[in-house]
Amino acid sequence: MRKLLIFMLLVVSVLLVLMYLPGDSPRHIEKGIRYENAVDTLVQKKLEYIQENGIEIRLENKSLRTFGYKIMMKEGTSLMASERFLEDIMGCSVLIYRNGDVKVCRARTTLDYKSSEVEKTEDGEIYIPISDYINQLGYQVSFSFVEDYVNFKNTDGGKYLPEAYDMRDYGRVTPVKDQGSYETCWAFSSLAALETVNMPYEENDFSEDHMSRSNDFSLELKDGGDHSMSIAYLASWKGPVREEDDPYGDGVSDDSLKSVKHLKEALIIDKRDDDKIKSAVFKYGGVETSIYISMTYGNEGSEYYNKETASYYYDGDEEPTHELVIVGWNDHYPKENFAKKPKGDGAYICKNSWGEKFGDDGYFYVSYEDVNICSKSIVYTKLDDADNYDNIYQTDLLGWVGAMGYKSESAYMANVYTAGGDETLKAISFYATGPETTFKVFIVPEYKDETSLNSGRKEIGKGETRYAGYYTVDLSQDIKLKKGQRFAIIMSVKTPGSERPIAIECDGGDRTEGVDLTDGEGFISARGAVWESAESEEANVCLKVFTDNTNN
């Protein structure tokens with residue numbers, strides 16, 4: 001089909017050239033109705049081919065094929081871009097409202113679309129027309145129908161962030177809560193950030209009580225926690241559950257409650273990068289991070305905190321002690337507003353968990369120059385409905401506790417599973433231990449023993465991640481499984497600069513002392529040829545599988 005279309009395009013091109021070649025006498029050529037119909041038919045066939053098979057997307061002539069982005073092409077060369085492409089690649093903030101209307105923001109440009117102007121696919125993806133506004137969005141676009149690609153070229157130097165932004169102005173935050181006397185700021189900040197992911201289209205109120213009490217870690221509420229516990233709890237489908245089903249502060253939690261949403265992706269930004277943090281807030285939602293805070297709950301007195309302006313700046317040597325959520329920024333927030341004056345202006349707008357009486361109705365400003373803020377930041381970027389997959393297979397309930405490898409940036413890992421029914425393999429998930437991780441996914445449909453890992457494996461997915469974090473990979477094809485069938489999933493990973501690119505669950509201290517290493521059958525390998533048991537190394541590899549029940 002593709003070869004035929006290319007041939008037809010070449011024929012039309014040659015005809016156009018011949019029509020305008022100089023001859024013995026001047027000629028006036030008029031394009032007849034048959035010519036126009038032929039061109040229209042050719043273009044229509046080409047568009048049908050693109051819709052069915054997709055078109056390669058390039059950025060500055062570099063292919064984005066491994067990232068799985070999609071665009072649609074309508075009449076002529078009219079482009080419709082997916083929400084994720086607009087966010088990740090073009091630097092836009094895409095807000096979807098309950099009535100289906102869409103707002104696209106980039107730098108000083110704001111575009112408003114009615115629900116009738118956008119298109120929603122069967123799998124829930126939103127596509128937005130951009131051809132008429134491509135210059136306003138800071139890009140130029142060129143096409144090659146012969147080679148099947150569309151190339152995006154940036155024209156404004158990538159300056160897509162405004163000088164000030166506040167998620168409160170766009171209906172993207174949930175009400176401020178109060179953690180009380182418990183050391184549960186980690187749960188409040190994680191869920192406050194998670195609640196922003198689908199806003200303003202959907203507002204959720206998740207239970208901090210359930211996250212802090214009904215996880216698989218060996219900790220009491222007084223012991224505190226961090227983002228790794230939050231991601232593990234969410235990734236394992238333990239939660240989130242609704243606040244109304246497990247209210248905070250009653251001293252009990254119901255372990256039988258089922259998660260009402262499924263986390264598909266969480267990014268981890270390991271070091272301070274203000275542009276990345278602002279970009280994440282602008283495009284995805286609240287960013288979970290931590291600071292050292294000298295105040296105890298209910299005590300607003302501190303040499304680093306200005307109660308009158310609700311501003312905070314710390315420049316000492318203490319490590320972070322309190323988690324919060326960044327919901328905006330102001331590059332021109334006056335340095336004079338801080339109790340201890342930093343060198344320059346600018347502050348992050350942060351949502352706290354000490355109730356509305358603290359700060360500015362529960363919010364406060366933290367100086368860009370604070371020594372701890374954004375030293376590690378977590379961004380929850382994909383939150384799906386709880387029916388996205390029917391089943392989860394996992395052996396890593398505690399998530400990413402440690403790492404394993406062979407003093408090389410590349411390694412292989414594998415897990416063996418037994419199908420609980422007649423099912424269809426739909427996706428896998430894993431942790432990228434560093435940025436720019438590339439990976440491939442393979443299946444061994446009939447696993448018998450360790451030697452099966454080297455024979456009959458078939459590639460079913462591949463890709464690349466931009467950050468460290470937790471990722472769900474939808475597979476390139478559906479794999480049918482029979483009840484009782486033992487199969488293995490193999491992943492090759494390559495994380496630049498790493499010596500241990502495989503994330504593992506293991507005993508990492510007090511909080512993980514209850515780790516269960518008897519529930520898995522995992523393997524690791526340096527090159528995918530010689531395998532060793534992960535459990536013999538006292539670890540489970542972090543590799544989950546998701547299936548749908550097969551309809552008979």
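All values below come from the heavy atoms of this structure, side chains included, with hydrogens, waters and symmetry mates left out.
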Margin query: Does any part of the side chain of W329, heavy atoms only, come nearer than 4.5 Å to the side chain of Y368, both counted from C-beta?
Written below: yes
Check: Are D275 and K159 close enough for a salt bridge, meaning some N to O gap below 4.0 Å?
Finding: no
Margin query: Rounded to the nearest 0.5 Å, what separates atom CD in E436 from atom OH in Y467?
Written below: 10.0 Å
Item checked: K544 and D396: CA distance, side-chain angles, deciding distance, salt bridge (Lys or Arg N to Asp or Glu O under 4.0 Å) verdict -> CA-CA 8 Å; K544 303 179 191 289; D396 58 329; 2.9 Å; yes
Checklist line | Flag if over 12 foreign heavy atoms under 6.0 Å of CZ, R65 | finding: no
Next item on the list: Indicate whether the side chain of S212 and that of T184 have a donor and an acceptor atom separated by less than 3.5 Å.
Entry: no
Per-pair distances, 0.1 Å, donor-acceptor, side chain in residues 413-421, under 3.5 Å, sequence neighbours excluded:
residue: N415; atom: ND2; partner: Y417; partner atom: OH; Å: 3.3
residue: N415; atom: ND2; partner: L543; partner atom: O; Å: 3.3
residue: Y417; atom: OH; partner: L543; partner atom: O; Å: 2.6

Margin query: Under a plain distance cut-off of 3.5 Å, with no hydrogens placed, do D449 and T451 share a side-chain donor-acceptor pair?
Written below: yes
Next item on the list: Establish, from distance only, whether the side-chain atoms of S452 and E446 form a donor-acceptor pair under 3.5 Å.
Entry: no
Check: Is the charged tip of R486 near the ring of Y447: under 6.0 Å from the six-membered ring centre and within 45° of its axis?
Finding: no
Item checked: Close side-chain approach of L425 to F546, heavy-atom, < 4.5 Å -> no
Item checked: Distance flag, aromatic centroids of F188 and Y248, threshold under 6.0 Å -> yes
Note to self: Closer than 4.0 angstrom, basic N to acidic O: yes or no for K261 and E202?
What the structure shows: yes
Check: Using 30° and 60° as the class limits, which term best fits the ring planes of W237 and H262: parallel, tilted or perpendicular?
Finding: parallel
Notebook entry, point to check: Mind checking what makes side chain to side chain contact (heavy atoms under 4.5 Å, CB included) contact with T121, not counting sequence neighbours?
Noted result: M72, D123, E125, Y127
Notebook entry, point to check: When rounded to the nearest 0.5 angstrom, what distance separates CG in D548 from CG in D422?
Noted result: 13.5 Å
Next item on the list: Measure up the Y314 and Y292 rings against each other and bin them: parallel (under 30°), tilted (30 to 60°), perpendicular (over 60°).
Entry: tilted
Notebook entry, point to check: Is it true that a side-chain atom of N372 and a backbone atom of E318 form a donor plus acceptor pair closer than 3.5 Å?
Noted result: yes
